[in-house]
Number of protein chains: 2
Amino acid sequence: MDTSWHNSIDKVIHEPARLSMLACLYVVESADFVFLQRQTGLTGGNISSHMSKLEEAGYVKVEKTFVGKRPNTSFQLTEPGRKAMEVYCDRMKKVLGDLAG
Amino acid sequence: MDTSWHNSIDKVIHEPARLSMLACLYVVESADFVFLQRQTGLTGGNISSHMSKLEEAGYVKVEKTFVGKRPNTSFQLTEPGRKAMEVYCDRMKKVLGDLAG
DNA sequence: CCATTTAAGTTTGTATAGCAAACTATACTG
DNA sequence: CAGTATAGTTTGCTATACAAACTTAAATGG
C-alpha cells in the first residue's frame, strides 16, 4: 500500500467546513450565502472567511447583487474548482478504499 | 444530500500526515519509527509530534525499547484507534460517495 | 419619526496546529 | 579521538480555523 500521498491532497478542499460547502456547491450549481449557512450549519463568519479562501484558490466565483433592497451574495463552483473536487475525491477514495475495500 | 457533517469528522485522524501514518499502522499491526518515516516520507520531527498527538488521543500505543544498543520506538494501533479509523473511513466514504457515486 | 431589532456579511482576536530546522544523545568509523 | 550518522525531541515560525464583535442597512413598532 502507498502511504506517502499526504502531500498530494488539496488542503483547501480537505478542510471539513470547506468540503461541506463545496459538496453543496458541487450539486446545486449556485447557492447564496444564507442558503449555504442553513444547509451546512456554519456561522456567517465561517462562510465568509472560508469562501474568501475558496475564491483566492479560484475554486468559486462570487456574485454580489441585491434582491429587493437586501444584499445577496451567491456562489458557484468554477471549472477548476469542479476539477479539483474530482481529483480530491478520487485520491481520498483511493486512500480509504485501500483500507477496507 | 446532507452537508452539515463537518463537525462530526475526527480531526485527529483527518490530518493527512496522521492519516498516512494511521493507514500504515492499520494494516501492519506494528511499525517502528524509522519504518514509518521511510514509508510515509515524513520527517522525524513530524512523526514525533504527530505521534504524540495520536498517543494523547489514545489511538496508538508507543513502546520504547533498545535493539542492540540503539533506541527503537514502535507503534501500534489501539482498539479505540482502530475503531475510530473505521468510523472516520465510513463517514468520509459516505461524504465522497454522495458526490460521485 | 425615532428607537429597536433583525438580517447579511466582514473584520478581528485568540488559540491551536503543522512543519522545518535546530538540538540532544548515543553509536559507529576511520 | 575526531567526525559522521542515527534516533528521536524540542523549538520557533507561520498559517489557520473559529467565535465574537463589528458594520451597514432594512424592517418593525410605539
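When each of D:dC18, C:dC19, D:dG8 is scored by its nearest atom to the side-chain atoms of B:Lys64, the top-ranked nucleotide is D:dG8. The side chain of A:Lys53 lies closest to D:dT16 when the candidates are D:dT16, D:dA27, D:dG8. Taking the side chain of B:Pro71 as heavy atoms from C-beta on, and the options D:dA7, C:dC19, D:dC18, the nearest nucleotide is D:dA7. Listed nucleotides C:dT10, D:dG8, C:dC19 differ in distance to B:Val34; the shortest reach to its side chain belongs to D:dG8. For B:Arg38, the listed nucleotide lying nearest its side chain is D:dA7; candidates were D:dA17, D:dA7, C:dC19. Candidate nucleotides C:dA8, D:dA19, C:dG18 were compared by shortest atom distance to the side chain of A:Asn46, and D:dA19 ranks first.
Rounded to a whole Å, the CG atom of A:Leu54 is 13 Å from the C1' atom of D:dA17. Distance A:Glu56 CD to D:dA15 P: 12 Å, rounded to the nearest Å. The separation between A:Ile13 atom CD1 and D:dT16 atom C1' is 17 Å, rounded to whole Å. For the pair B:Met51 CE and D:dG8 P, the interatomic distance rounds to 11 Å; values are reported in whole Å. Distance CD1 (A:Ile47) to C1' (C:dA7): 15 Å, rounded to an integer number of Å. For B:Arg18 and C:dA17, the CZ to P distance is 8 Å, given to the nearest whole Å. B:Arg70 has its CZ atom 8 Å from the P atom of C:dA27, to the nearest Å. Between the CZ atom of A:Phe33 and the P atom of C:dT6 there is a distance of 19 Å, rounded to whole Å.
Relative orientation of the A:His14 and B:His14 rings is parallel, given thresholds of 30° and 60° on the angle between their planes.
Between C:dA8 and A:Lys69, no contact under 4.0 Å exists linking OP1 or OP2 to a side-chain N or O. Here B:His50 reaches the OP1 or OP2 of C:dC19: one of its side-chain N or O atoms lies under 4.0 Å away. The phosphate of C:dA8 (OP1 or OP2) has no side-chain N or O of A:Asn72 nearer than 4.0 angstrom. Between A:Ser48 and C:dG9 there is no side-chain polar atom (N or O) within less than 4.0 angstrom of OP1 or OP2.
Contact annotation for B:Ser52: no contact, since no heavy-atom pair falls under 4.0 Å across all strands. Heavy atoms of B:Gln37 sit nowhere under 4.0 angstrom from any nucleic acid atom.
Proximity of B:Met21 to B:Leu42: side-chain heavy atoms (C-beta onward) are separated by under 4.5 Å at one or more points.
The 5' end of DNA chain D is approached more closely, in terms of each residue's nearest nucleotide, by A:Gly45 than by the other of A:Phe66 and A:Gly45.
Although no hydrogens or angles enter the test, the distance criterion places no donor-acceptor pair under 3.5 Å between the side chain of A:Arg18 and the main chain of A:His50. A distance-only check finds a donor-acceptor pair linking the side chain of B:Ser20 to the backbone of A:Thr3 [under 3.5 Å].
At a cut-off of 3.5 Å, with distance as the only test, a side-chain donor of B:Tyr59 or B:Asp10 sits close to an acceptor on the other residue. Remark: the B:Asp2 side chain and the B:Ser4 side chain contain an N/O donor-acceptor pair separated by less than 3.5 Å.
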